[in-house]
Structure formats: structure tokens, C-alpha cells
Amino acid sequence: MVDVALIDHVFILAAILFCLGLVGVLVRRNIIFMLISMEIMLNAAGLAFIAAGSAWGQPDGQVMFLAVVTLGAAEVAVALGLTLLLFRRYQSVDVDNLKELRG
Amino acid sequence: MQDTFFLVIFYVTAAVAVLSTLLMISRLNAVHGLLYLIVSSLSLAIIFYLLGAPFAAALEVIIYAGAIMILFVFVVMMLNMGHKGVEQERQWLKPGGWIGPGLLALVLFAVFVPALSGGLVSTGPRLVSAKAVGIALFGPYLLVVELASFLLLAGLIGAYHIARPPEITGDDSDSLTSARHHDDIAIEPLQGAG
């Protein structure tokens, strides 16, 4: 039994997790940690979808969660390939190496 | 009585999720951060289960704590420097690295076993079964399935092209720009290794 107050708390939890992931992306300069923080943000978005679907008793939230998971998997595959490329060129996973466009 | 039990399980799991995420973004070692990410994914899976979405909970464990984690671990392993490997591995086996995620996972386990044996959500009216999800997925949301397959194919080809080993890329390029681009990629690791 899921009542309305609990759904509110689930949304607050999703917001907290999203903000933690955003802080991780903004604070860390290690690209591995930035990618993990983006996974946390995608997880928080998926939690909000699941909570909304559970509040209405509809499967649409879980369908959207599947889409979010697919997006996260494709994103992390390409981004880890880019991480390998970054490490091959600079022998480091620090994204501050990629500031040539700053001029 | 049942309701308070449910709420206690939910809030403990939510606290574990926030705590493990907070510890994850503040780790210095990538493997320690990955351990906390596993705990965070597991706690989110329990919350999905409590919300009446057992199919999404299973997917969360399989895909996040399984597949995506393996991708991260493989890349962290590939980025490892060879001469520091043994020393680093010795440091990973010290309890400082895994005792935190282990304790948090133990808390999750202690909370989840009574939730499973109590049958908390199995009779709830809000339970959305995997059958309903499948009917929705291959009915009105068929386009989402097609888009997901395109996205995964694009991700597969993109990751393969981007992370290709440099010794393969130098040979079969005939246009000038791609040859220059490949040289940039191919020469750097040789200089670093030599």
C-alpha cells in the first residue's frame, strides 16, 4: 500500500539523489567519477518515473524507466570509449587536460 | 503495524541510498567509488520493490549493479598502470576500502529479508507486474522499443569506433584528414610507453 505522503518522500529522495549526482559532476575532475555521478542522476530520474507510475498504478513509469536505463547504458558505453581515448592521449583521466578550446 | 514496518524499511533504505551516494562522490579511489555505487543501486532496487515495481527492481540489479558496473571496472582495469598494479591491489585488499560498502550492504540485507518474508507488496493494489509492463511496452510504446534498439546499436558502433586500438586504425585510412586524426591517436601511447 503506497499512500500519497510516501510518494512525496520518494520524490524528495529522487531530488536529493539528483542533486548529489549534479554536485559530483560539478566538483570532480576525474572523468570516471563524473560518469558515475551521471549514472546517479539517471538513477534518480528513473526513481521519479517509478514513483509516478506507482502513484497512479500504471505501467507507463516502468516503461520510461526502461528507456532511461537503455539511454544510460548507451551513454556509458560511448563515454567510457572516450575515456580510453583521453587516457591514451594524455596518460591521465583528468578532464582539465581537454581545455585547448579555451584559447 | 504493517504500515509502520513498511515505513521503517523505506526510510532505512532511503538513508542508505543517500549515504552511499554521498560517500561515492567523495572517494578518491575509483574502485571505492564503484563499490559505493553498487550499494546505491541495490538500495534503489529495494525502493523500487517497495513501490510495487519488482520488474524494475530486478532490472536495476541486473543492469546497473551488473552490466554497467562491469563496464566501469573493465575501464578502470585498462587504465591501470602496470608497475603500480601489485601495490595498488595490496591496498585494495585492506579493509579500509570495502568495509564501508560492506556494512551498508549488510544494513540493506537486514532490512530487505523481513520485507521479502513479510510479503509486503505482493498483495498491494499498486503492484505493477512485469506482465502489465510488457503489454504496455509492446502495445502503445512499441516505438520506444524500436528507438531503444537503434540507440543501443548506435552506442555499440560508436563505442567500438571510438575505443578502437590505435594499431588497427593507422592502416586502412586513405583520406587526408582521417589519416592525420589517426596519427594523432596512434603516436601518443607509443611515446608514453617508450
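The chains referred to below are lettered A, B, ... by the order of the sequence lines, with proteins before strands, and numbering in each begins at 1.
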Full working for side chain to side chain contact (heavy atoms under 4.5 Å, CB included) between A/L22 and A/S37:
CA-CA 7 Å; A/L22 189 62; A/S37 302; over 6 Å; no

Check the pair B/F72, A/E39 against side chain to side chain contact (heavy atoms under 4.5 Å, CB included), reporting the backbone distance first and the verdict last.
CA-CA 11 Å; B/F72 273 110; A/E39 291 304 314; 4.1 Å; yes

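When heavy atoms are compared at a cutoff of 4.5 Å, A/M64 approaches chain B solely by way of its side chain, counted from C-beta outward. Contacts of B/L137 with chain A are made by both backbone and side-chain atoms, with heavy-atom separations under 4.5 Å. Heavy atoms closer than 4.5 Å to chain A are found nowhere in B/F74, neither backbone nor side chain. For B/S149, no part lies near chain A; criterion is any non-hydrogen pair under 4.5 Å. Proximity to chain B involves both the backbone and the side chain of A/L20, based on heavy atoms less than 4.5 angstrom apart. Contacts between B/L71 and chain A at a heavy-atom distance below 4.5 Å involve backbone atoms as well as side-chain atoms. Proximity to chain B (any heavy atom under 4.5 Å) is shown, for A/I32, by both the backbone and the side chain. Of the atoms belonging to A/L35, heavy atoms from both backbone and side chain fall under 4.5 Å from chain B. Contacts of A/I36 with chain B are made by both backbone and side-chain atoms, with heavy-atom separations under 4.5 Å. Neither the backbone nor the side chain of A/E75 comes within contact range of chain B; no heavy atoms are under 4.5 Å apart. A/V93 touches chain B through its side chain: at least one heavy atom from C-beta onward sits under 4.5 Å away, while N, CA, C and O do not.
Once rounded to the nearest 0.5 Å, the distance linking CG of B/L37 with CD1 of A/I40 reads 5.0 Å. Distance check, rounded to the nearest 0.5 Å: CG of A/L17 to OG of B/S43 gives 7.5 Å.
Ranked by heavy-atom pairs shorter than 4.5 Å toward chain A, the options B/T21, B/L22, B/L59 are led by B/T21. Comparing A/D60, A/I16, A/N30 by heavy-atom pairs within less than 4.5 Å of chain B, the highest count is held by A/D60. Taking chain A as the reference chain and counting heavy-atom pairs below 4.5 Å, the highest number among B/I162, B/L152, B/V145 is found for B/I162. Here B/A14 is the residue among B/G33, B/A14, B/A17 with the most heavy-atom pairs under 4.5 Å with chain A. With chain A as partner, the option from B/A67, B/A56, B/A136 having the largest number of non-hydrogen pairs under 4.5 angstrom is B/A56. Top candidate by heavy-atom pairs under 4.5 Å with chain B, chosen from A/V23, A/L66, A/V27, is A/L66. Here B/V133 is the residue among B/V133, B/I157, B/I135 with the most heavy-atom pairs under 4.5 Å with chain A. Counting heavy-atom pairs closer than 4.5 Å to chain A, the top-ranked of the candidates B/S40, B/A130, B/A163 is B/A163.
Contact between B/V39 and B/P101 at its shortest, heavy atoms only, is CG2-O, 3.5 Å. Summarising the geometry of B/S41 relative to A/N43, their closest heavy-atom pair is OG-ND2, 4.1 Å, with the distance given to 0.1 Å.
Clustering ILVMFWY residues whenever any of their side-chain heavy atoms sit less than 4.5 angstrom apart, transitively, puts A/M34 in the very cluster that holds B/M78.
In this pair, B/F112 and B/Y49 present their aromatic rings perpendicular. The plane angle is above 60°, beyond the 30 to 60° band.
Panel note: side chain A/Q62, backbone B/V128; a donor-acceptor pair is recorded below 3.5 Å. Using a distance-only test at 3.5 Å, with no hydrogens or angles considered, a donor-acceptor pair links the side chain of A/R28 to the main chain of B/I25. Panel note: side chain B/R27, backbone B/L23; a donor-acceptor pair is recorded below 3.5 Å.
Residues B/F48 and A/F65 bring their aromatic ring centres within 6.0 Å.
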